[in-house]
Amino acid sequence: MENIKEIITIASAALGLLATVTGFLIPLVKNVKAKNKLAALNKLTKVLQTLIVDAEKYVNFSGEEKKAYVVTNANRYALDNKIAFDEQMVSDKVEELVALSKAVNVKNRQQVNIAENLSCTNDKTKICF
């Protein structure tokens with residue numbers, strides 16, 4: 001009879017310990033997975049930036065064809081590096097990067113035009129508008 005009580009006591013202590021360890025491990029595993037997914041997303045974003053620059057070299061292609069080029073090559077990169085590929089997320093990220101690029105380039109063009117106009121007023125040989 002005493003052996004059964006000891007076995008039950010040890011089993012209940014082991015069960016409590018197991019529940020506690022499991023409670024700590026589940027969030028740890030989730031955090032590690034999230035960290036790995038974020039690291040993969042950062043790698044993929046860097047590759048996307050490079051691919052977008054490469055796609056801009058194809059001046060005879062439309063924007064949709066360039067986007068298809070970027071998404072296809074990003075998918076190939078993801079497969080080669082065993083990264084989970086979400087086509088919609090990549091497509092959205094490409095749109096975001098292209099929009100950012102257009103916004104930055106417009107601002108730079110405006111600054112160049114302003115600088116040219118300022119230098120134009122000081123130079124009597126140029127025709128200024």
Side-chain angles (χ1 to χ4, degrees):
M1 195 65 144
E2 287 184 26
N3 288 339
I4 293 177
K5 287 181 181 179
E6 288 177 7
I7 291 173
I8 291 174
T9 303
I10 292 172
S12 64
L15 187 62
L17 182 61
L18 180 65
T20 303
V21 169
T22 304
F24 284 119
L25 285 179
I26 290 173
L28 180 66
V29 169
K30 286 182 180 180
N31 286 339
V32 168
K33 284 184 179 181
K35 179 182 174 187
N36 291 340
K37 188 174 181 178
L38 184 61
L41 179 62
N42 284 338
K43 282 184 189 177
L44 195 56
T45 301
K46 288 178 184 176
V47 170
L48 283 177
Q49 292 170 351
T50 305
L51 291 172
I52 290 170
V53 170
D54 289 344
E56 287 301 317
K57 293 176 185 174
Y58 301 114
V59 293
N60 295 330
F61 293 106
S62 69
E64 288 300 317
E65 291 170 328
K66 291 177 186 179
K67 184 178 177 183
Y69 167 82
V70 171
V71 171
T72 301
N73 284 311
N75 188 8
R76 183 178 305 143
Y77 176 82
L79 289 173
D80 291 344
N81 292 290
K82 297 180 176 116
I83 297 173
F85 185 78
D86 180 5
E87 186 171 352
Q88 184 61 42
M89 185 273 308
V90 170
S91 179
D92 293 343
K93 192 66 175 175
V94 168
E95 292 290 333
E96 178 185 327
L97 290 171
V98 169
L100 175 67
S101 174
K102 286 181 180 180
V104 168
N105 289 334
V106 166
K107 184 177 180 182
N108 286 342
R109 276 192 229 125
Q110 289 173 347
Q111 288 174 348
V112 168
N113 289 339
I114 291 170
E116 287 174 353
N117 288 338
L118 289 176
S119 66
C120 185
T121 58
N122 295 333
D123 189 0
K124 302 292 182 194
T125 60
K126 290 184 180 177
I127 299 173
C128 301
F129 296 97

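All values below were derived from every heavy atom in this structure, side-chain atoms included, with hydrogens, water molecules and symmetry-related copies excluded. We number each residue from 1, following the sequence as shown.
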Practice problem: Please determine which of Asp92, Val70, Ile52 meets the side-chain contact (heavy atoms from CB on, under 4.5 Å) test together with Leu97. | Solution: Ile52
Quiz item: With no hydrogens and no angle check, do the side chains of Lys93 and Thr45 hold a donor and an acceptor under 3.5 Å apart?
Solution: no
Quiz item: To the nearest 0.5 Å, what is the distance between OH (Tyr77) and CG (Leu48)?
Solution: 10.0 Å
Exercise. May I ask whether Leu17 and Ile26 are part of the same hydrophobic cluster, defined by side-chain heavy atoms of I, L, V, M, F, W, Y residues being less than 4.5 angstrom apart, directly or through others?
Key: no
Quiz item: Between the side chain of Ser12 and the main-chain N/O of Thr9, is any donor-acceptor distance below 3.5 Å?
Solution: yes
Exercise. Starting at CG of Leu18, measure out to CG of Leu25 and round the result to the nearest 0.5 Å.
Key: 9.5 Å
Quiz item: Please, which pairs that meet salt bridge (Lys or Arg N to Asp or Glu O under 4.0 Å) have at least one residue in residues 15-40, sequence neighbours excluded?
Solution: none
Quiz item: Do you know the tightest heavy-atom contact between Arg76 and Asn73?
Solution: NH1-OD1, 2.9 Å
Quiz item: Would you say Glu65's side chain and Ser62's backbone share a donor-acceptor pair under 3.5 angstrom?
Solution: yes
Quiz item: What about Leu15 and Val21, same hydrophobic cluster or not, with Ile/Leu/Val/Met/Phe/Trp/Tyr joined at side-chain heavy-atom distances under 4.5 Å?
Solution: no
Quiz item: Within the side chain of Ser91, is there an N or O that forms a donor-acceptor pair under 3.5 Å with the backbone of Glu87?
Solution: no
Exercise. Say whether Tyr58 and Val53 are linked into one hydrophobic cluster, either directly or through other cluster members, by side-chain heavy-atom distances under 4.5 angstrom.
Key: no
Quiz item: Shortest non-hydrogen contact from Phe85 to Val71?
Solution: CZ-O, 3.8 Å
Quiz item: Rounded to the nearest 0.5 Å, how far does CG of Asn75 lie from CG of Asp80?
Solution: 9.5 Å
Practice problem: Mind checking the CG-CG spacing from Asp86 to Leu44? Nearest 0.5 Å is all I need. | Solution: 10.0 Å
Quiz item: Any idea which heavy atoms bring Leu51 and Ala74 closest together, and the distance?
Solution: CD1-N, 3.6 Å
Quiz item: Between atom OG of Ser101 and atom CD of Glu96, what is the distance when rounded to the nearest 0.5 Å?
Solution: 12.5 Å
Quiz item: Going through the checks in order, is the side-chain contact (heavy atoms from CB on, under 4.5 Å) test met by Asn3 and Glu6?
Solution: CA-CA 5 Å; Asn3 288 339; Glu6 288 177 7; 4.2 Å; yes
